[in-house]
Amino acid sequence: MLALSKSDHILAIVDPVTLKVIAKVPVGNDPHEVIASADGKTAYVSITGGGRSHEIDVIDLVAQKRLPDIDTRPLIGPHGLDFAGGKLYFSAEGAKAVGRYDPATGKLDWSMGTGQDRTHMVYVTRDEKNIYTTNVNAGTVSLLTDTLLPQGPPPPGAPMQQGPPPTGAGGPPPMGGPRREWIQTVIPVSRGSEGFDVSPDGKQLWTAAADDGKIAIIDLPTRKLVTTLDAKAIGANRLKFTPDGKRVLVSSLRSGDFFVFDATSHIEIKRLNISHGGAGILIDADGSRAFVGCTGDNYVAIIDLKKLEVTGHLDIGGGPDGLAWAVKP
């Protein structure tokens with residue numbers, strides 16, 4: 001398990017069985033989110049800096065040491081992270097954009113602006129055809145889709161290219177052929193919506209709003225907001241589906257409450273007060289435990305999801321926040 005300490009500026013590497021901290025690796029000031037590469041050898045930590053930083057830290061999880069940082073400029077304020085197709089995707093709050101870094105080439109190889117204030121968390125489908133983000137201050141969700149669009153006929157008198165281009169040829173598509181373009185659908189939700197997750201079947205996106213405590217549910221096939229729950233989760237910070245898709249967990253950074261909702265009935269099952277402020281949520285693959293970074297109390301709360309009770313606390317450093325799993329290489 002990977003756990004970030006915002007106050008101590010470290011990444012803690014934790015054995016999920018013994019719950020012992022194996023190592024602590026220094027990272028930059030104001031670390032927010034962490035993600036591991038698919039092979040479990042590398043971790044990436046976003047250094048947000050209030051939307052002004054341009055740094056993502058890279059940690060060798062095998063040697064347990066920090067590697068040279070990624071400079072994300074001109075995409076400033078990196079925050080949300082996801083890893084798909086061997087590449088690192090990140091949101092850039094200050095640039096109102098999402099970007100992609102290729103570890104193989106050591107370069108940023110793609111980006112797209114959202115035009116929405118404070119693009120915050122990011123989720124990438126495994127086929128890399130869809131990217132979802134929450135835009136906190138705009139109160140919107142961006143659905144970005146990689147699409148082939150018909151180009152239409154060429155203007156009168158323009159030469160027509162006959163047949164496909166030679167193998168390996170670059171350049172624009174033939175006149176009249178389709179073009180590849182990312183299409184954005186912007187869906188209004190409550191202001192302060194930041195934590196979100198996609199249901200395991202890929203059909204719904206749920207996001208919780210800190211400002212009014214409401215949960216917006218978006219139907220992804222139709223790209224429409226289908227309902228808004230008055231969940232009263234004021235201060236909502238993070239939201240996660242359990243692996244079986246039956247429950248939705250929400251942490252509140254303001255009240256320290258931990259909410260459990262039924263994903264089908266939308267009814268609140270349980271509300272636990274676990275701290276003075278809950279942030280990052282991580283769930284065991286078998287759905288038995290949840291870990292919540294309790295920033296204000298300097299511990300990670302351990303919650304039994306069968307009994308729905310707190311069973312312990314884990315000390316990883318001051319101000320715990322972002323959490324992630326890494327497979328053992």
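Computed from a predicted structure; not experimentally measured.
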- Task: Name the orientation class of the two ring planes belonging to Tyr44 and Phe83 (parallel below 30°, tilted from 30 to 60°, perpendicular beyond 60°).
- Result: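 If you compare the ring of Tyr44 with that of Phe83, the planes turn out parallel.
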- Would you call the rings of His313 and Tyr299 parallel, tilted or perpendicular if under 30° counts as parallel and over 60° as perpendicular? parallel
Under the 3.5 angstrom rule, does the side chain of [X] hit a backbone N or O of [Y] as a donor-acceptor pair?
X	Y	result
Asp8	Ile10	no
Thr48	Gly51	no
Arg126	Val124	yes
Asp69	Ile56	no
Asp262	Ile267	no
Ser37	Thr42	yes
Asp284	Gly287	no

With sequence neighbours excluded, tell me which residues meet side chain to side chain donor-acceptor pair (under 3.5 Å) with [X].
X	answer
Asn137	none
Thr119	Thr114, Asn135
Tyr89	Arg100, Glu128

- Message: Run the ring-ring contact (aromatic ring centres under 6.0 Å, His included) test against His276 and tell me which residues pass, sequence neighbours left out.
- Response: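 ring-ring contact (aromatic ring centres under 6.0 Å, His included) list for His276, sorted by chain: empty.
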- Could I get the full list of ring-ring contact (aromatic ring centres under 6.0 Å, His included) partners for His79, not counting sequence neighbours?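 Residues passing ring-ring contact (aromatic ring centres under 6.0 Å, His included) with His79: His32, His120.
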- Task: State, with a plain yes or no, whether a side-chain heavy atom of Ile13 is found less than 4.5 Å away from one of Leu61.
- Result: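 Side-chain contact under 4.5 Å: yes.
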- Message: Would you say that more than 12 heavy atoms from the other residues, nucleotides or ligands in this model lie under 6.0 Å from the NZ of Lys41, or not?
- Response: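 Not buried by this count: 12 neighbours or fewer within 6.0 Å.
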When you check the gap from the basic side-chain N to the acidic O, do [X] and [Y] get nearer than 4.0 Å?
X	Y	result
Asp109	Lys87	yes
Asp146	Arg180	yes
Glu194	Arg238	yes

- Item | Listed partners of Asp286 passing salt bridge (charged side-chain N to carboxylate O under 4.0 Å, His left out), at least two apart | none
- Message: Applying side chain to side chain donor-acceptor pair (under 3.5 Å) to Thr140 and Gln116, what does each step give before you reach the verdict?
- Response: CA-CA 8 Å; Thr140 60; Gln116 303 292 301; 2.9 Å; yes
- Message: Test ring pair (Phe, Tyr, Trp, His ring centres under 6.0 Å) on Trp206 and Phe196; report intermediate values, then the result.
- Response: CA-CA 6 Å; Trp206 287 42; Phe196 80 95; over 10 Å; no
